[in-house]
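This report concerns only the one structure given below.
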2 protein chains.
Amino acid sequence: MATSFAEENYLKIIYRLSESTLEDISTNAVAELTQTKAASVTDMLRKLAEKGWVNYQKYQGVRLTEEGEKIALSIVRKHRLWEVFLVEKMGFNWDEVHEIAEQLEHIESEALINKLDEFLDFPKTDPHGDPIPNKEGILPELGYMHLSDLKENKACVLMGVAKDSAVFLQLLTRLHLSLGAKLIVKEINPFDRSISVSINESGPVFISHEVAKNILIKMA
Amino acid sequence: MATSFAEENYLKIIYRLSESTLEDISTNAVAELTQTKAASVTDMLRKLAEKGWVNYQKYQGVRLTEEGEKIALSIVRKHRLWEVFLVEKMGFNWDEVHEIAEQLEHIESEALINKLDEFLDFPKTDPHGDPIPNKEGILPELGYMHLSDLKENKACVLMGVAKDSAVFLQLLTRLHLSLGAKLIVKEINPFDRSISVSINESGPVFISHEVAKNILIKMA
DNA sequence: AATATTTTTTAGTCAAGACTAAAAATTTAT
DNA sequence: ATAAATTTTTAGTCTTGACTAAAAAATATT
Ligand SMILES: [Mn+2]
Ligand SMILES: [Mn+2]
Ligand SMILES: [Mn+2]
Ligand SMILES: [Mn+2]
């Protein structure tokens, strides 16, 4: 069955919200991310349920069906592969690609996306460290930790971010915190949990707990 | 001003129709190419005129304003650059790319399309030999002739096609008539103007006048 | 010149996807 | 257990871009 841009965006957003909770997703939560009003969301949820892509009972919240999740994953796959393309091949910075990928993710061609995947050498993660589903819709298990959970003097590598707003990414860039950087937490300030981190053996940089929480790492 | 997909498609089609005539474009002609009904076209023409992209007076036909032509050319530029990308980088055949480019042409990012242009090495023509407008909207002058106008025993090179339906392109491929092929018209049959052509010095192939008319060449 | 045919426009509908305002259900606080 | 606050749904509108059927204008034919 064909999917409109609007439907694809709703499914993708319900998917994103489902990643961080086991509970049903609320109408308001969806409205916030889709940048629409709750009333519009109610309308759309009924349509999506009608098509068998979500389970929805009024006042009970929503969750994806198996088929809905399959569609959502294919959108996520396209979004992330295009982001890789934009950074690796077009020379964009990691804070510039999200908006363009929001458009490209709706291009409908199985053949194209699989050729793109091959062209990019089957990347496992996008420029923000987010996992890319393969063509069967399976997400690679990455097992990243948050920098905020790391003990002092442990070495790790920056693998991704838990939030990809342009301002946040630009901040990281300014601090030389980019993918692949070798990090060591030098000191954790117990008062506000801000930390000082050395980056690739050079002079430590101070970052807030809020920032550290959104940096994904793996142990070196 | 923002342009919707529908508006972009109408402008592009009015542009295409304007290429082959100096007359105003009729409602019916637009309806045929947009795959809509004349009544729908009338509606849209009023809206486009309202926005200043076409000159339209009822019963008089339509033509693009300067601004409308600028928009149309930017869509054509995107369409053709994406087609080059699909063939050169993604490995599609020339008969497979049009539908996908119909989608990609609506991606809105000046930065992206200019980076793509550079990535592809500033191609002058797309996989069907059609000229690609540069970022100022200037079309390169190619001066191609139709194979049907060539005299016997003159050598030429196949530079493009005047029609890019998949069936036509597949026919050419089957006959080994691809871009860059060296052609010599061996014989013109005066009865139906069908011709026999040698391709890259090898055994001649017979093609109808209809096919020859749609093959674009330059003198060798 | 009058009539027939074709083209184009108008009038009225429809579906998708948004909105606001008001009503109903649920949750939280007293 | 009520009352208050919050969330969600319903009801009614709007815009975009399609459609059909009918009317009007333009063009072609006799
Ligand atoms: Mn993104
Ligand atoms: Mn990303
Ligand atoms: Mn094309
Ligand atoms: Mn083309």
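The figures here come from the full heavy-atom set of this structure, side chains too, leaving out hydrogens, waters and symmetry mates. Letters go in sequence order (proteins before strands), and every chain restarts at 1.
When the P atom of dA16(C) is taken as reference, atom CG of Asn9(A) falls 17 Å away, rounded to whole Å. Between the CD atom of Glu50(B) and the P atom of dT15(D) there is a distance of 14 Å, rounded to whole Å. As rounded to whole Å, 15 Å separates atom C1' of dG17(C) from atom CG of Leu11(A). When the P atom of dT15(D) is taken as reference, atom NZ of Lys51(B) falls 13 Å away, rounded to whole Å. Residue Met1(B) contributes atom CE, which lies 12 Å from atom P of dT16(D) at whole-angstrom precision. Atom CZ in Arg46(B) sits roughly 15 Å away from atom P in dT15(D) (whole-Å rounding). Nucleotide dT8(C) holds its C1' atom 12 Å from the CG atom of Asp43(B), rounded to whole Å. In this entry the distance linking CD of Gln57(A) with P of dA24(C) reads 21 Å, nearest Å.
Contacts of Ala6(B) with the nucleic acid, taken as non-hydrogen atoms under 4.0 Å apart, involve only primed sugar atoms and P, OP1 or OP2. Within 4.0 Å (heavy atoms only), Phe5(B) reaches no atom of the nucleic acid at all. Among the atoms of the strands shown, only primed sugar atoms or phosphate atoms (P, OP1, OP2) are found under 4.0 Å from some heavy atom of Thr36(B). Residue contacts for Thr27(A): at a heavy-atom cut-off of 4.0 Å it reaches the sugar-phosphate backbone alone, with no base atom in range.
Checking dC19(C), dT10(D), dA25(C) against every side-chain atom of Tyr59(A), the shortest atom distance belongs to dA25(C). Nearest to the side-chain atoms of Thr42(A) among the listed nucleotides dT10(C), dT26(C), dT10(D) stands dT10(D). Listed nucleotides: dT8(D), dG17(C), dT9(C). Nearest to the side chain of Glu7(A): dG17(C). For Ala39(B), taking side-chain heavy atoms from C-beta onward, the closest of the listed nucleotides dT20(D), dT8(C), dT10(D) is dT20(D). Set against dT7(C), dA18(D), dT9(D), the side chain of Ala38(A) has dT9(D) as its closest nucleotide.
Put simply, Lys37(B) has a side-chain N or O that comes within less than 4.0 Å of OP1 or OP2 on dT20(D). The side chain of Asn28(A) places an N or O atom within less than 4.0 Å of a non-bridging phosphate oxygen (OP1 or OP2) of dT8(D). The phosphate of dC19(D) (OP1 or OP2) has a side-chain N or O of Ser40(B) nearer than 4.0 angstrom. Between Ser26(B) and the phosphate of dT7(C), there is no side-chain N or O to OP1/OP2 separation shorter than 4.0 Å.
Between Phe119(B) and Phe85(B), the two ring planes are tilted [angle within 30° to 60°].
In summary, Glu210(B) and Arg193(B) do not engage in a salt bridge, as defined by a charged side-chain N under 4.0 Å from a carboxylate O.
Of the two residues near DNA chain D, Lys58(B) and Lys47(B), the one whose nearest nucleotide lies more 5' is Lys47(B). Nearest-nucleotide positions on DNA chain D place Val41(A) closer to the 5' end than the other of Met44(B) and Val41(A).
Taking 4.5 Å as the limit, some side-chain heavy atom of Ser18(B) sits within range of a side-chain heavy atom of Ile25(B).
A side-chain donor-acceptor contact under 3.5 Å links Thr42(B) to the backbone of Ala38(B). Asp126(A) places a side-chain N or O within donor-acceptor distance of the main-chain N or O of Gly129(A), the cut-off being under 3.5 Å.
Screening Glu102(A), His106(A), His79(A) against Lys12(A) for a side chain to side chain donor-acceptor pair (under 3.5 Å) leaves a single residue, Glu102(A).
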